[in-house]
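Take a look at the structure set out below.
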Amino acid sequence: MKTFRSKIFKAAHQVRKNTGKKFSICLIQAWKAYKLKQAMKVDKVKFAFETLSGSLRYAIGTLQTSYQSKGNKKQNFGIISYFDVEKEGFRSFRIENLIQVYNGII
């Protein structure tokens with residue numbers, strides 16, 4: 001089993017590959033994404049990210065077990081998948097597009 005640090009570094013390398021930014025910036029973004037995922041495992045969390053069209057999207061998401069998707073997918077370290085409470089469906093976005101997490105758990 002991989003340690004959480006190796007997952008964070010893999011995510012940072014994926015962000016660097018996608019954006020070409022300095023690794024230190026990518027590592028900060030990967031840590032922010034890791035903290036978001038950990039908070040979503042506990043409860044619903046409000047956060048903001050940039051969509052592919054460039055607009056800002058606010059979402060309330062969770063990763064609680066009652067919302068787990070069915071199926072086994074290959075883990076992509078550059079993507080955050082979550083259950084959107086407002087849209088009642090699974091959504092995802094790239095880690096480098098995460099803007100802010102609002103005071104953790106709602």
Side-chain angles (χ1 to χ4, degrees):
M1 183 170 174
K2 305 240 183 256
T3 64
F4 74 96
R5 286 186 186 95
S6 67
K7 291 178 183 179
I8 291 168
F9 273 85
K10 285 184 180 188
H13 282 289
Q14 187 67 40
V15 171
R16 184 167 190 215
K17 180 180 170 184
N18 293 342
T19 63
K21 293 182 180 179
K22 293 174 91 176
F23 187 71
S24 59
I25 302 298
C26 298
L27 197 56
I28 291 169
Q29 196 70 8
W31 271 105
K32 191 188 311 184
Y34 175 77
K35 290 176 184 177
L36 172 63
K37 285 182 183 179
Q38 293 305 311
M40 284 196 295
K41 286 181 182 178
V42 176
D43 204 2
K44 300 171 188 168
V45 179
K46 184 176 182 181
F47 55 93
F49 63 93
E50 184 180 350
T51 63
L52 292 177
S53 64
S55 62
L56 189 62
R57 164 113 160 69
Y58 297 96
I60 298 175
T62 187
L63 290 175
Q64 292 178 331
T65 56
S66 59
Y67 297 110
Q68 289 294 323
S69 69
K70 297 177 179 117
N72 297 328
K73 295 180 182 176
K74 182 180 172 188
Q75 186 174 10
N76 186 340
F77 292 101
I79 303 264
I80 296 178
S81 297
Y82 66 97
F83 183 83
D84 193 326
V85 177
E86 296 170 327
K87 303 279 185 177
E88 296 182 355
F90 286 94
R91 303 286 187 262
S92 62
F93 63 93
R94 291 182 165 194
I95 289 177
E96 60 264 20
N97 294 340
L98 179 61
I99 303 293
Q100 182 165 359
V101 178
Y102 294 97
N103 293 330
I105 300 168
I106 291 180

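The model shown is predicted, which means the values in this text are computed figures rather than measured ones.
Counting only heavy atoms from C-beta outward, the side chains of Val15 and Lys21 never approach each other to under 4.5 Å. Between His13 and Phe23, some side-chain heavy-atom pair lies under the 4.5 Å cut-off. You'll find the side chain of Met40 reaches within 4.5 Å of the side chain of Phe47, heavy atoms only. Looking at heavy atoms from C-beta onward, Ile25 lies out of side-chain contact with Gln29 at the 4.5 angstrom threshold.
Note that OH of Tyr82 and OG1 of Thr62 are 11.5 Å apart. Values are rounded to the nearest 0.5 Å. Distance check: Ser81 OG to Lys37 NZ gives 7.5 Å after rounding to the nearest 0.5 Å. Rounded to the nearest 0.5 Å, atoms CD (Gln100) and CZ (Phe49) are 14.0 Å apart. Rounded to the nearest 0.5 angstrom, Trp31 CH2 and Leu36 CG are separated by 14.0 Å. A distance of 9.5 Å separates CZ of Phe93 from CD1 of Ile79, quoted to the nearest 0.5 Å. Rounding to the nearest 0.5 Å places OG1 of Thr19 at 6.0 Å from CD of Glu96.
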request  = Report the C-alpha distance between Ile80 and Ile95 in whole Å, list the side-chain angles of each, state the deciding distance to 0.1 Å, and finish with yes or no for side-chain contact (heavy atoms from CB on, under 4.5 Å).
outcome  = CA-CA 6 Å; Ile80 296 178; Ile95 289 177; 3.8 Å; yes
key: Residue pair Arg94, Asn18: steps toward the side-chain contact (heavy atoms from CB on, under 4.5 Å) verdict   = CA-CA 9 Å; Arg94 291 182 165 194; Asn18 293 342; 4.1 Å; yes
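Contact detail for Ala12 and Cys26: the closest heavy-atom pair is O-CB, 3.5 Å. Taking both residues in full, the closest heavy atoms of Ala59 and Asp84 are given as CB-OD2, 4.2 Å, listed atom of the first, atom of the second, then distance. Of all heavy-atom pairs spanning Leu56 and Ala48, the tightest one is CD1-CB, 4.2 Å.
Enclosure of atom CZ in Phe9 is not indicated, since only 12 or fewer non-hydrogen atoms of other residues, nucleotides or ligands lie within 6.0 angstrom.
Looking only at distances, no side-chain donor or acceptor of Glu50 sits under 3.5 Å from a matching main-chain atom of Arg57.
Note on Ile99: it clusters hydrophobically with Tyr58, by side-chain heavy-atom contacts below 4.5 Å among ILVMFWY residues.
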